[in-house]
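Report on the following structure.
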Amino acid sequence: AYHCYCSVERPAQDGQGQRDRRVSASADCHCRDLSQEEISKLKSGQDSEVIRFAMPRDGVTKFNDLIRGEVEWRNETLNDFIIMKSDGFPTYHLAVVADDHLMEISHVMRAEEWLPSTPRHLQLFEALGFEPPQFAHLPMIMGPDRAKLSKRHGATAIGEYKDDGYLPEALLNFMVLLGWSLDDKTEIMSTQTIIDNFTLDRVTKSAAIFDQEKLLWVNGMYIRELKPEQLAGRMMPFLERDLPKEALPVDSGYLSRIAPLLQERIKRLDDSADITSYFFQANEEFDTSELVQKGMDRDTTLSALKAALADLSGMDDFEHGKLEELLTVTGEKLSLSRRQFFGVLRVAATGRAVSPPLFETLEVLGKDRTVSRVKNAIQRFSAAG
RNA sequence: GCCCCGGUCGUCUAGCCCGGUUAGGACGCCACCCUUUCAAGGUGGAGAUCAUGGGAUCGAAGCCCAUCCGGGGUACCA
């Protein structure tokens with residue numbers, strides 16, 4: 001290593017020549033061959049100095065990457081990089097080598113972008129008389145534009161995925177699949193299975209594009225595999241975060257009855273509030289014209305609501321099988337299709353055209369909520385006339 | 001520019017090291033089935049001259065060579 005007194009090259013205005021200029025700056029540095037006399041002269045006149053590593057000028061530096069196999073560089077293509085900055089702090093290159101040695105690191109696994117600095121690290125290990133660790137350079141993850149994944153891809157700090165409703169296990173499962181496979185078919189597997197079976201020799205060499213769609217699918221698979229109580233527990237923080245204050249606190253017993261209904265309909269936990277809001281608060285805002293189903297008019301819709309209300313308020317056991325039985329008959333009497341009759345009821349009870357299966361939903365909602373919502377719907381619908 | 005690493009369906013991949021498969025699976029897409037909506041599930045389909053061109057071989061995605069393309073690195077960042 002040697003001191004270097006070269007001044008920092010001012011970056012050119014145009015970004016174009018900038019890179020080349022820097023390259024030539026380090027290439028033009030002659031500090032390595034300075035005489036003692038020249039050094040003391042420079043030292044007095046200079047306020048900043050830096051320490052560079054003296055790379056061998058010939059020969060090759062090579063190693064066996066656990067994933068890529070043998071990789072080698074001609075030393076002459078490697079420049080004398082800085083190991084100590086003018087502020088007295090070591091650069092990363094020096095620091096990792098010292099750190100890895102002190103911590104007795106056996107294997108260094110890092111992304112492929114580090115591959116080019118490996119020969120520098122290797123030379124440092126050797127110069128310091130340290131035993132170098134084994135290296136494995138993993139494939140990088142790219143954005144949809146095939147460039148190194150970064151913030152502008154929306155991809156983000158790992159914690160944000162959690163806030164977005166991805167299960168950590170699902171994200172892990174998805175990520176590991178981006179450069180490794182268990183076999184020729186298994187995709188969804190437990191973290192334990194991954195840990196038990198992961199080997200470097202099955203790691204891919206090529207970079208992978210981060211596919212949000214597939215992540216979403218994996219996440220959905222994990223959500224569906226949860227036990228209803230587990231799902232309820234996972235949803236709770238999201239409901240507390242996203243539900244309007246009036247709807248809080250959420251009763252956990254009630255929530256575990258809701259959970260199984262949307263287990264197959266939710267792909268991310270942060271959909272929770274949106275997909276369940278009508279369980280916690282009546283939707284008084286929906287447009288009553290949505291009550292009218294295809295092929296129906298005002299009158300048939302109104303009589304459907306009234307007939308349903310009569311059935312519902314007369315039920316003492318609000319169980320989905322019984323509800324379906326009774327209302328199916330009523331629907332037939334009105335000569336409405338299931339689609340029509342249940343559609344009207346669905347909108348009246350939930351304020352939406354889309355919901356989990358109607359009768360299960362009503363059962364969970366309970367008689368009081370259901371009856372009062374249907375009444376309310378009748379009232380608003382009549383008034384809107 | 002120079003250095004390094006890659007290249008199998010749109011995407012993630014299996015197979016490659018130890019030549020002989022209709023090149024397998026999955027996401028996404030399409031169709032059908034199921035169905036009270038939405039999903040989930042089931043079945044089927046489209047989609048890959050294995051980057052390209054040569055070579056050795058009876059035979060190549062697999063081996064050899066060249067080329068092209070992509071990415072990364074070229075900082076007193078990490």
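Convention: sequence-line order gives letters A, B, ...; per-chain numbering from 1.
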Query - NZ or CZ of A:Arg68 within 45° of A:Phe63 ring axis and under 6.0 Å - result: no
Report task. Nearest whole angstrom, please: distance from the C1' of B:C38 to the CZ of A:Arg224. Result -> 13 Å
Query - Selection from B:G71, B:A78, B:C3 that lies nearest to any side-chain heavy atom of A:Trp114 - result: B:A78
Query raised in the report: What do you reckon, are the aromatic ring centroids of A:Phe174 and A:Phe210 less than 6.0 Å apart?
Result: yes
Query raised in the report: Mind checking who B:G70 pairs with, Watson-Crick or G-U wobble, both distances under 3.5 Å?
Result: B:C5
Query raised in the report: Which one, B:G73, B:C5, B:A40, comes nearest to the side chain of A:Lys148?
Result: B:G73
Requested in this report: Determine the interatomic distance between P on B:C58 and the same-named atom on B:G19; round to the nearest Å.
Outcome: 15 Å
Report summary line: note: A:Ile67, atom CD1; B:C5, atom C1'; distance rounded to Å ~ 12 Å
Report task. Under a 3.5 Å limit for both distances, which nucleotide forms a Watson-Crick or G-U wobble pair with B:U21, could you say? Result -> none
Requested in this report: Considering only atom P, compute the distance from B:G55 to B:G71 and round it to an integer number of Å.
Outcome: 31 Å
Report task. Name the pairing partner of B:G62, where a pair is Watson-Crick or G-U wobble with both distances under 3.5 Å, or state none. Result -> none
Report task. Encode nucleotides 25-37 of chain B as B, S and - characters from 5' to 3', where the letter depends on protein heavy atoms closer than 4.0 Å: B to the base, S only to sugar-phosphate, - to neither. Result -> BBSS-------BB
**Report entry** Strand partner of B:U57, provided both Watson-Crick or wobble distances fall under 3.5 Å
**Finding:** none
Query raised in the report: Expressed in whole Å, how much space separates the C1' atoms belonging to B:C34 and B:A39?
Result: 13 Å
Report summary line: Atom CD of A:Gln212 and atom P of B:U11 are separated, to the nearest Å, by 17 Å
Query - Pairwise P distance for B:A23 and B:C16, with rounding to whole Å - result: 16 Å
Query - Spacing of the P atoms in B:C27 and B:C50 (rounded, Å) - result: 25 Å
Report task. Provide the distance between the two C1' atoms, one in B:C9 and one in B:G45, to the nearest whole Å. Result -> 14 Å
Query - B:U35 - base-pair partner by Watson-Crick or wobble geometry, distances under 3.5 Å - result: none
**Report entry** Candidates B:A14, B:C12, B:G6 - which lies nearest the side chain of A:Ser206
**Finding:** B:G6
Query raised in the report: Are side-chain N/O atoms of A:Arg352 and A:Ser277 paired as donor and acceptor at under 3.5 Å?
Result: yes
Requested in this report: May I ask you to say whether A:Glu76 pairs ionically with A:Arg74, meaning some side-chain N is under 4.0 Å from a carboxylate O?
Outcome: yes
**Report entry** Between B:C76 and B:G72 - C1' atom distance, rounded Å
**Finding:** 22 Å
Query raised in the report: Picking from B:C76, B:C5, B:G15, which would you name as closest to the side chain of A:Arg68?
Result: B:C5
Query raised in the report: So, does the side chain of A:Ser86 form a donor-acceptor pair with the base of B:C76 at under 3.5 Å?
Result: yes
Query raised in the report: In terms of side-chain geometry, is the basic nitrogen of A:Lys148 or A:Glu113 positioned less than 4.0 Å from the acidic oxygen of its partner?
Result: yes
Requested in this report: May I ask you to decide if the ring planes of A:His121 and A:Trp114 are parallel, tilted or perpendicular, using 30° and 60° as cut-offs?
Outcome: tilted
Query raised in the report: Rounded to the nearest Å, what distance is computed from the CE atom of residue A:Met175 to the P atom of nucleotide B:U11?
Result: 19 Å
**Report entry** Test: A:Glu225 and A:Arg234 ion pair at under 4.0 Å
**Finding:** no
Query raised in the report: When rounded to the nearest Å, what value does the distance between C1' atoms of B:U8 and B:C69 take?
Result: 16 Å
Query - A:Arg257 NZ/CZ over A:Phe279 ring centroid, <6.0 Å and within 45° of normal - result: no
Report task. Give none if B:C50 has no partner; otherwise give the nucleotide forming a Watson-Crick or G-U wobble pair with it, both distances under 3.5 Å. Result -> none
**Report entry** Gap between atoms NZ and P, on A:Lys205 and B:C12 respectively (whole Å)
**Finding:** 16 Å
Report summary line: Testing B:A14, B:A39, B:C76 for proximity to the side chain of A:Ser181, the answer is B:A14
Report summary line: pair_partner(B:U11), Watson-Crick or wobble, both distances < 3.5 Å, evaluates to B:A26
